[in-house]
**Q** 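Once you've had a glance at the structure underneath, I'll fire off some questions.
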Amino acid sequence: MKNIFGIIILFQFIAGFQNLNAQYELNFGLQSKQAESELPKSKAAYIPPTPKAYQYINGELQKDEEGNFTISKGWEMTEAYKLFEEGNSLWKTSSGNTGWYNATVPGTVLTTLVDQGIYPDPYYSLNNLHIPDTLCRMDWWYRVAFDIPADGLDSEYELLLNGINYKADVWLNGQRLGNLAGAFKRGIFPTKGILKNNEKNILAIHIFPPNNPGIPHEQNKLSFGGNGGALCLDGPTFISSEGWDWILGMRDRNIGIWQDVKLVRMNKVKIIDPFIITDLPLPDTSYADLTIKTTLENITDQSQIFILKGTINNITFSKEITLSRNEKKEVTIDKNEFSQLRIQNPQLWWPNGYGSQFLYNLKLSVEQENKILQTKNIRFGVRELSYELMAQSEAKENVRFNYSPTDAGKPLFNNKNAVKLENTQYPDIFVPTFESGAEKYINRITASEEKDNPYLTILVNGKKIFCRGGNWGMDDGMKRVSRERLEPYIKLHKEMGFTMVRNWTGETTEELFYTLCDEYGLLVWNDYMMSTQTFNLEPLDHKLFLDNAEDIVRRFRNHPSIAIWCPRNEGYAPAALEDGFQKIITENDGTRHYHGNSMKLNLRPSGPWHYLVKSMDYLTERSDGFTTELGAPSVPTANTIRKFIAKEDLWPIGNVWYYHDLHIESFDWKDYIRDVNRIGKEESKNIDEFAARAQFKNYILYRNMLEAWNNKMWNHASGILLWMSHPAWPSMTWQTYSYDYETPGSYFGAKKACEPVHIQWNCINNQLQVINTTLASLPSAKVSFGIYDLKGKKLFNKQLKVNIGENSATNCGEMTIPSDIQEELLLVRVVLEDAKGKQISVNDYWINQKDSNDYTKISDIGKAGIKIIEKGTNYKNGILSLKAEVKNTAPDIALTVKLNAREKETGQIILPAYISDGYFNLLPGETRILDVEIPLQEKREIYMSAEGLNTF
């Protein structure tokens with residue numbers, strides 16, 4: 001028997017050694033810092049910042065409607081070693097203290113140090129190279145001194161930390177409350193007997209860095225960065241902060257108190273993580289059944305009888321709950337007990353473009369003897385998610401089906417036993433296998449055109465949602481995540497017509513992100529915090545990872561926008577974590593699909609991410625299925641580039657450009673730059689000319705990617721997520737807008753392709769189509785196909801009447817350029833009008849009949865003359881809105897016209913600004929009316945300006 005145990009132990013050791021060896025074959029990143037000669041250099045002189053003087057500020061408590069307090073103002077931060085210096089003390093605060101910084105909370109260590117002028121803005125030029133990488137290799141103390149308001153004396157409080165990174169010890173008034181680990185888990189600590197009602201309280205939080213911060217790979221001419229490294233071992237954390245090919249290595253790895261800190265009011269009882277489930281009898285949506293689940297905890301040493309009450313609009317319910325001493329109890333409230341929780345004709349939550357984003361509010365309270373002891377306010381949407389995909393049965397049959405996780409209530413799929421589809425038209429596609437007994441929860445799809453489709457389709461309220469959107473890698477490299485900062489980014493996604501955003505590796509995990517996605521109708525594909533399988537390292541501490549993952553699910557599960565839980569980027573979870581994820585989602589959610597891999601599993605392979613020399617290739621073999629990543633370069637406007645590159649480095653393209661993600665030796669960047677310079681007969685002479693031409697190219701690239709998927713809408717094409725849509729810092733690539741909210745050609749190209757009702761022409765197969773992603777049909781519509789020469793003269797025009805169905809792609813027939821039209825460069829314009837002649841969509845294509853990338857003849861077009869008349873100007877609730885009438889007064893076509901709102905006094909461009917169209921063409925004498933919306937804190941004078949390829 002001893003020999004058997006010995007053999008078992010030997011095999012376990014060998015297996016463990018093999019796993020460890022496999023880890024070492026993965027990406028640990030750099031083993032030592034790059035040589036000075038490898039670092040990029042700026043031609044501009046470095047200007048160090050001016051440090052700010054420390055100022056003592058007493059902590060301030062801001063009360064919310066639930067009676068909780070957010071601890072704001074008064075936060076201080078210092079390096080831990082300074083507490084050993086003479087005269088310094090953690091527990092004595094005064095205006096004379098030295099060695100402390102006024103801290104930014106919520107914020108990271110680096111946020112504070114930049115705000116206080118200790119280090120420069122890492123986003124500008126090469127400033128990041130002047131910030132030491134030691135910030136992530138040392139521990140820090142935060143503290144704040146505060147008083148409890150008089151109206152809080154009758155309550156007990158828990159201390160709630162909504163997010164720290166990476167580990168923390170928490171102290172209050174000299175007593176250790178406990179510890180916390182991982183960037184995405186809440187820390188909850190009792191304060192009974194420690195919190196002082198009648199004298200000053202001092203809260204101190206000791207922040208520890210990750211164990212494996214790695215060494216950032218600084219981008220230069222030859223290298224675009226190593227896509228992370230050793231930091232991945234320490235997930236759950238912000239793994240991209242070690243540096244990726246789209247973001248610099250953050251010198252603090254985003255450690256600090258990055259979310260808010262609260263005192264949560266309690267009295268005898270705690271309401272823990274209420275959950276509202278909405279169930280529709282799909283396809284019927286005439287009523288919805290609500291189920292409310294919550295945990296109640298008696299925090300006293302005596303048995304208690306409580307009354308749990310809830311209010312949703314005019315619906316109320318009340319239930320008596322008995323809890324023994326210190327008991328926790330799961331409580332379920334549903335229609336079986338309270339018939340009013342079946343809501344007739346509910347107002348539904350829909351993704352952007354499919355309907356409104358109506359949100360209900362549940363006020364949940366616990367009372368005793370008519371006294372409210374604790375309340376929770378939860379916002380939710382009435383909607384049900386369902387999914388179509390393929391899995392393999394026990395009989396080895398590939399089955400296409402529809403299912404609703406809400407109705408199933410259990411895991412249906414085994415991702416660890418996923419199988420590759422063989423002898424099909426779909427190479428490298430895998431499907432999961434069914435768990436035993438799962439098939440009774442599915443509805444088989446037998447339609448001949450669909451039954452062989454392996455790809456995922458997402459449905460909301462029984463309607464297929466054409467998922468077009470982008471990847472959001474991190475909200476901000478320094479985790480500055482206020483509503484003021486984040487909301488314009490999410491609104492820009494909505495304005496582009498996007499319906500989904502992917503939270504890549506879950507690095508934007510805060511309440512506000514999901515709240516904004518709820519409000520603007522963006523479905524969220526939510527990854528957990530691991531990157532690429534077989535390339536990036538696996539997390540070492542599985543329990544820590546699962547603890548953070550479970551807290552994410554429990555904390556955010558009421559948000560209607562979350563549509564998918566996914567274990568990682570481009571790969572399957574390690575077996576132990578896979579089982580943990582399935583258990584967490586089943587027990588704590590059960591209303592969403594857990595998708596076991598972000599590529600190949602019911603999805604097409606990711607990419608490409610480079611510049612396609614023949615961008616028309618998107619319209620051929622690359623446009624099927626559901627892809628979570630497809631990307632292209634996206635150089636910003638000259639106005640934006642000037643904000644983060646000094647004038648000495650602006651031109652020609654060089655080191656500072658490379659550091660900001662222009663990967664000159666990879667991703668076919670040289671071909672991109674060459675083709676940008678071919679938009680005209682001579683190479684670009686300066687930054688303004690190059691950036692203007694780049695917008696012409698960006699518009700085409702981003703429109704083509706999305707129109708390629710439009711072309712096969714529901715013909716086994718169901719989703720495309722661009723890599724990326726959102727930049728975490730000033731970048732040259734993979735973005736639909738720039739970090740300063742500017743909307744370059746990539747933004748308007750994507751916006752054009754994602755119009756709710758959109759006309760497009762495929763120059764490969766000559767098919768004219770109308771793509772309708774709304775739930776309304778468009779009968780008796782008129783489409784036209786026109787061809788113009790470089791002077792704007794109409795050479796050909798053909799019109800057709802068509803009926804446009806809801807949520808579908810309508811083929812209007814083939815439209816070809818007649819053989820007798822010999823001009824090399826042509827403008828093809830397709831137009832859609834409704835039955836009354838109102839223009840719905842207009843779309844222009846520049847076509848070179850000899851070389852699709854040659855636009856040199858654009859130089860033959862004369863200078864544009866643009867006249868702008870501002871009409872209907874109105875300022876209300878902080879929004880300046882107007883209509884801009886734009887007219888081409890010249891005898892030549894006005895190319896790629898882009899409007900900007902500017903300050904009247906300074907001429908500076910105002911951002912954000914939401915403008916209905918951009919980088920469009922105007923024929924001679926043509927007028928277009930645009931809608932303009934500008935958030936302004938106070939009304940001030942602005943004017944609209946125009947720029948374009950031939951307006952210099």
**Q** Describe, in one word, how the ring planes of Trp729 and Tyr123 are oriented to each other, choosing from parallel (under 30°), tilted (30 to 60°) and perpendicular (over 60°).
**A** perpendicular
**Q** By the definition ring pair (Phe, Tyr, Trp, His ring centres under 6.0 Å), identify the one residue from Trp246, Trp734, Trp525 that meets it with Trp504.
**A** Trp246
**Q** Less than 4.0 angstrom from a charged side-chain N to a carboxylate O is my criterion; do Glu905 and Arg940 meet it?
**A** no
**Q** Salt bridge (Lys or Arg N to Asp or Glu O under 4.0 Å) between Arg928 and Glu926: does it pass, once the steps are laid out?
**A** CA-CA 7 Å; Arg928 191 166 299 184; Glu926 185 181 7; 3.6 Å; yes
**Q** Search all heavy atoms of Phe690 against all heavy atoms of Ser684 and return the closest pair with its distance.
**A** CA-OG, 3.4 Å
**Q** Please check if atom NZ in Lys463 has more than 12 non-hydrogen atoms from other residues, nucleotides or ligands closer than 6.0 Å.
**A** no
**Q** For Tyr489 and Pro727, indicate whether the former's side chain and the latter's backbone hold a donor-acceptor pair under 3.5 Å.
**A** no
**Q** Kindly say whether Pro636 contributes a backbone atom to a donor-acceptor pair with the side chain of Gln695 at under 3.5 angstrom?
**A** yes
**Q** Would you call Arg502 and Glu629 a salt bridge, using N to O less than 4.0 angstrom?
**A** yes
**Q** Within the side chain of Thr499, is there an N or O that forms a donor-acceptor pair under 3.5 Å with the backbone of Phe466?
**A** yes
**Q** Whether the side chain of Arg383 engages the backbone of Pro560 through a donor-acceptor N/O pair (distance < 3.5 Å, no angle test) should be reported.
**A** yes
**Q** Side chains of His726 and Tyr737: any donor to acceptor distance under 3.5 Å?
**A** yes
**Q** Will you find, in the side chains of Thr104 and Asp115, an N or O donor that is under 3.5 Å from an N or O acceptor?
**A** yes
**Q** Measure the spacing between CD1 of Ile645 and OH of Tyr124 and express it to the nearest 0.5 Å.
**A** 9.0 Å
**Q** In sequence, state the C-alpha distance, the side-chain angles, and the governing distance for Glu742 and Lys643, and then conclude on salt bridge (Lys or Arg N to Asp or Glu O under 4.0 Å).
**A** CA-CA 11 Å; Glu742 175 64 293; Lys643 293 178 182 178; over 6 Å; no
**Q** Any sub-3.5 Å donor-acceptor pair from Asn843's side-chain atoms to His758's backbone N or O?
**A** no
**Q** Looking at side-chain heavy atoms only, is the closest gap between Gln347 and Tyr360 below 4.5 Å?
**A** yes
**Q** Please assess Glu933 against Lys491 for the test side chain to side chain contact (heavy atoms under 4.5 Å, CB included), listing each intermediate value before the final yes or no.
**A** CA-CA 12 Å; Glu933 182 182 296; Lys491 183 174 172 63; 3.2 Å; yes
**Q** Got a donor-acceptor contact below 3.5 angstrom from the Gln357 side chain to the Gly355 backbone?
**A** yes
**Q** Carefully, step by step, assess Tyr919 and Tyr699 under the rule ring-ring contact (aromatic ring centres under 6.0 Å, His included).
**A** CA-CA 8 Å; Tyr919 296 100; Tyr699 185 99; 7.0 Å; no
**Q** Can you see which heavy atom on Val501 is nearest to which on Cys517, and at what distance?
**A** CG1-SG, 3.9 Å
